[in-house]
Amino acid sequence: MKSKPFDRSEHVYKNDAFAELVKDAIRFFNGTPVQAGRAGRFVQCKTARKLMKRKADGEDR
């Protein structure tokens with residue numbers, strides 16, 4: 001059997017419509033006010049928003 005190099009794109013399902021839906025959700029939540037939760041922790045923090053934005057934009061880091 002002849003082996004061929006691994007091509008990741010053949011094994012990953014990509015749906016552009018879903019990616020746009022995620023981006024719309026991130027835009028919506030970025031526009032919502034942040035409220036303090038228990039023990040002074042914020043419900044939505046900048047780090048979480050940055051991470052969600054990176055994932056939506058396709059960055060792997």
Side-chain angles (χ1 to χ4, degrees):
M1 181 175 193
K2 191 174 184 180
S3 65
K4 65 177 188 174
F6 178 77
D7 183 5
R8 184 176 185 267
S9 65
E10 293 178 359
H11 301 275
V12 175
Y13 175 73
K14 185 173 179 179
N15 184 332
D16 293 328
F18 181 72
E20 286 302 314
L21 179 69
V22 171
K23 287 180 184 179
D24 287 343
I26 291 171
R27 286 185 205 110
F28 171 78
F29 284 111
N30 279 340
T32 59
V34 178
Q35 298 177 357
R38 285 202 261 157
R41 294 185 179 152
F42 289 102
V43 175
Q44 188 182 52
C45 66
K46 285 184 181 180
T47 305
R49 286 194 306 252
K50 285 180 185 177
L51 180 61
M52 290 183 343
K53 183 177 180 337
R54 282 188 198 152
K55 291 216 182 256
D57 291 340
E59 295 179 23
D60 290 332
R61 48 180 197 142

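Below, all heavy atoms of this structure are taken into account, side chains as well, without hydrogens, waters or symmetry copies. Just so you know, these numbers come straight off a predicted model, no measurement behind them.
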> How far does CG of Leu21 sit from CG of Asp16, to the nearest 0.5 angstrom?
Replying inline: 12.5 Å
> After noting the C-alpha distance and the side-chain angles of Phe28 and Asp24, does the key distance pass the side-chain contact (heavy atoms from CB on, under 4.5 Å) rule?
Replying inline: CA-CA 6 Å; Phe28 171 78; Asp24 287 343; over 6 Å; no
>> Just to verify, what does Ser9 make a side-chain hydrogen bond (donor to acceptor under 3.5 Å, both in side chains) with, not counting sequence neighbours?
In response: Asp7
> Should we say atom CZ of Phe18 is surrounded by more than 12 heavy atoms from elsewhere, each under 6.0 Å from it?
Replying inline: no
